[in-house]
Amino acid sequence: YDFQPTPLLHLTVPAAPGDNAVGAGVRPGPPVGELVGDSPHAERALHAFLISCPSAINQEDRSGLTGAHDWVEPCRAARRWPASDARAFFARHFVAVEVGEGRAFATGYYEPEIPASRTRRPGFEYPFYGRPSDLVERPQSRAADHSGLPSVGRAVDGELVAYYDRAAIEAGALAGQELEIAWARDPVDVFFLQVQGSGVLRLPDGSIMRVGYAGNNGYDYVSIGAVLRERGALEPGETTAQGIAAWLRAHPGEAREVMNANRRYIFMAETGDPAPGGSLGRYVTARATVAVDWNYAPPGAPVILDVDQDIADGVWIAQDTGGAIRGPNRFDTFWGTGAEAFRIAGGMAGRGRAWVLIPRAAARLPGF
């Protein structure tokens, strides 16, 4: 593959200022070589960057920072660059910019692995639902939508109304439609896998079933950690994924009502993929992939984090997004699958600085 942009996106140019990186303000950062340093993530990041190159070249950059052709040179160079010299690759082909004030907040996510069954059986009573046939996604224009209509809903008497929220779905709103694709032992496991957006189901015969995001019911994401903190159930330092899960399991009588405070519900599909995928349609890489808001970082762009949790410092690649990842310098770092990934991701809440790396060809800002 020669990393050529499609004819349409060949004409892409940086967007006008708006609700994006350009609108938030952009200024040059330090030399990339100084920022990368001896980052333990650099080699993995180079691998992830190469995986993302077709998307970097052929997807619209809503941030306004780059155009399609800006990515051609670094993508071609990445194919032949030795992984052992990844720091030199990023220093040679990119410049750093700060978006807005550059103050970053980084959380973590992981791919859960939980016991489940393809069929309902004793001990497996909590379903994962596939995408309902009556779920309607209304096309959105780039301009602000002031129609008052839901972006996702269902048609009732010719009108688009809000879709069932989590509480309604848990109460049986989708029962009888044969939408169940698998059944889990634990409702808390189901909830956390939905929050992560994908996961591995370990079936009774030892085989695995990988499931991924297939749509949502249109409601905004609500952090139940914040809900528990506001109620005084958890102290600020206890609102990690581990702390929240432990509280839910220790208070089964209240757990359902707390989880229903997040009205957003994620529908799943079996993927058949050998690895988890991100919203770019590319496989994500543990300790190299970061989820971003596409309005503030280009698809496939390297990002450098320097936060107060040192394990997250270094080079990451923007390969994913998420319902809670909104605004400039908001990042969600991916740590892989299993218990160790859960431990790191669940406790990740790093604050510090961030720089988005853009190809040298895109450095049109004053100061370069």
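Keep in mind that the numbers below use all heavy atoms, side chains included, and drop hydrogens, waters and symmetry copies.
- Of the possible polar contacts, one joining the Arg264 side chain to the Tyr219 backbone as a donor-acceptor pair under 3.5 Å is found.
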Side chain to side chain contact (heavy atoms under 4.5 Å, CB included) assessment of Asp186 paired with Ile114:
CA-CA 9 Å; Asp186 182 355; Ile114 66 172; over 6 Å; no
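- Salt bridge status for Arg131 with Glu137: present, with a side-chain N to carboxylate O gap under 4.0 Å.
- By the rule that hydrophobic residues join a cluster once side-chain heavy atoms approach within less than 4.5 Å of another member, Ile344 and Tyr109 end up as members of separate clusters.
- Taken together through direct or relayed side-chain contacts under 4.5 Å among Ile, Leu, Val, Met, Phe, Trp and Tyr, Ile224 and Val190 form parts of separate hydrophobic clusters.
- Residue Tyr110 forms a ring pair (Phe, Tyr, Trp, His ring centres under 6.0 Å) with just one option from Phe192, Phe342, Phe334, and that option is Phe342.
- The main-chain N or O of Val307 is found under 3.5 Å from a side-chain atom of Asp313 such that the two form a donor-acceptor pair.
- A pairwise comparison of heavy atoms in Gly64 and Val22 identifies O-CG2, 3.4 Å as the closest pair.
- For the residue pair Ile317 and Pro302, the shortest heavy atom distance occurs at CD1-CA, 3.7 Å.
- Hydrophobic clustering (side-chain heavy atoms under 4.5 Å, transitive across Ile, Leu, Val, Met, Phe, Trp, Tyr) groups Trp294 together with Phe331.
- Here the straight-line distance linking atom CZ of Phe267 with atom CZ of Phe128 works out to 13.5 Å at 0.5 Å rounding.
- Side-chain atoms of Asp332 come within 3.5 Å of backbone atoms of Gly108 as a donor-acceptor pair (strictly under, hydrogens ignored).
- Between Glu73 and Arg360 no salt bridge is recorded (no basic side-chain N to carboxylate O distance below 4.0 Å).
- Residues Val72 and Leu46 are members of one and the same hydrophobic cluster, defined by side-chain heavy-atom contacts under 4.5 angstrom among Ile, Leu, Val, Met, Phe, Trp and Tyr.
- Remark: Gln309 CD to Arg351 CZ distance equals 10.5 Å, nearest 0.5 Å.
- Between Leu179 and Pro132, the closest side-chain pair of non-hydrogen atoms falls below 4.5 Å.
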With side chain to side chain contact (heavy atoms under 4.5 Å, CB included) as the test, would you mind laying out the steps for Arg103 and Asn329 before giving the verdict?
CA-CA 6 Å; Arg103 290 201 292 265; Asn329 304 308; 5.8 Å; no
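- For the pair Val356 and Pro298, the minimum side-chain heavy-atom distance is below 4.5 Å.
- Between Asp70 and Pro359, the shortest heavy-atom distance links the atoms O-CB, 3.1 Å.
- In terms of heavy atoms, Val152 sits closest to Asn217 at CG1-C, 3.8 Å.
- A donor-acceptor pair under 3.5 Å is absent between the side-chain atoms of Glu34 and the main chain of Pro31, judged by distance alone.
- Judged by distance alone, the side chains of Thr66 and Asp61 do bring a donor and an acceptor atom under 3.5 Å apart.
- Salt bridge absent: Asp19 and Arg62 never bring a charged side-chain N and a carboxylate O closer than 4.0 Å.
- Classification of the Trp247-His251 ring pair by plane angle, with boundaries at 30° and 60°, yields parallel.
- Looking only at distances, no side-chain donor or acceptor of Arg256 sits under 3.5 Å from a matching main-chain atom of Pro252.
- For the pair Arg202 (side chain) and Gly206 (backbone), a donor-acceptor distance under 3.5 Å is present.
- With hydrogens and angles ignored, the 3.5 Å screen pairs a side-chain donor or acceptor of Gln194 with a backbone N or O of Ile266.
- A heavy-atom distance below 4.5 Å is found between the side chains of Pro276 and Arg210.
- In this structure Arg166 satisfies the salt bridge (charged side-chain N to carboxylate O under 4.0 Å, His left out) test together with Glu170, sequence neighbours excluded.
- Between Trp71 and Phe49, the ring-plane angle classifies as tilted under the 30° and 60° cut-offs.
- Under the rule for a salt bridge (charged side-chain N to carboxylate O under 4.0 Å, His left out), the partners of Asp165 that lie at least two apart in sequence or sit in another chain are Arg263.
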For a side chain to side chain contact (heavy atoms under 4.5 Å, CB included) check, start with the C-alpha distance between Leu193 and Val211, then their side-chain angles and the critical distance, and finish with the verdict.
CA-CA 9 Å; Leu193 192 146; Val211 296; 3.9 Å; yes
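- Taking the salt bridge (charged side-chain N to carboxylate O under 4.0 Å, His left out) definition, one finds that Glu270 meets it with Arg118, sequence neighbours left out.
- Counting only heavy atoms from C-beta outward, the side chains of Arg326 and Thr321 approach each other to under 4.5 Å.
- Ile244 places a side-chain heavy atom less than 4.5 Å from the side chain of Leu228.
- The shortest non-hydrogen separation linking Ala312 to Leu305 is O-CB, 3.7 Å.
- A donor-acceptor pair under 3.5 Å is absent between the side-chain atoms of Asn262 and the main chain of Met259, judged by distance alone.
- With hydrogens and angles left out, the side-chain atoms of Thr107 and Arg330 include a donor and acceptor closer than 3.5 Å.
- Side chain of His41 to main chain of Ile311: a donor-acceptor pair is present (N/O by atom type, distance under 3.5 Å, no hydrogens or angles).
- In this model, a donor atom of one side chain and an acceptor atom of the other lie less than 3.5 Å apart for Ser52 and Gln319.
- With a 4.5 Å cut-off on side-chain heavy atoms, Glu111 and Gln196 do not count as touching.
- Between the side chain of Asp306 and the backbone N or O of Arg353, no donor-acceptor pair lies under 3.5 Å.
- To the nearest 0.5 Å, atoms OG (Ser117) and CG (Asp205) are separated by 9.0 Å.
- Only one option out of Leu174, Asn260, Ile169 pairs with Tyr265 in a side-chain contact (heavy atoms from CB on, under 4.5 Å); it is Ile169.
- A donor-acceptor pair shorter than 3.5 Å cannot be found between the side chains of Asn20 and Ser63.
- Residues Tyr163 and Asn216 bring no donor and acceptor atom of their side chains to less than 3.5 Å of each other.
- Counting non-hydrogen atoms of neighbouring residues, nucleotides and ligands closer than 6.0 angstrom, the CG atom of Asp134 exceeds 12 such neighbours.
- Residue Arg121 holds its CZ atom at 9.0 Å from CZ of Arg185, rounded to the nearest 0.5 Å.
- For the pair Ser198 and Gly212, the tightest heavy-atom approach, listed with the atom from each and the gap, is CB-CA, 4.0 Å.
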Before you tell me yes or no, could you show the steps for Ile304 and Phe90 under side chain to side chain contact (heavy atoms under 4.5 Å, CB included), namely the whole-Å CA-CA distance, both residues' side-chain angles and the distance that decides it to 0.1 Å?
CA-CA 11 Å; Ile304 295 179; Phe90 291 111; over 6 Å; no
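- To the nearest 0.5 Å, atom CG of residue Asp320 and atom OG1 of residue Thr285 are 11.0 Å apart.
- Arg154 forms a cation-pi arrangement with Tyr164, by the criterion of a distance under 6.0 Å to the ring centre and an angle within 45° of the ring axis.
- One distance of note links CH2 of Trp316 with CZ of Arg287; it measures 8.0 Å at 0.5 Å rounding.
- Contact annotation: the side chain of Pro30 approaches that of Trp355 to within less than 4.5 Å [non-hydrogen atoms, C-beta and beyond].
- When the side chains of ILVMFWY residues are joined at heavy-atom separations under 4.5 Å, either directly or via intervening members, Val290 and Val284 end up in two distinct hydrophobic clusters.
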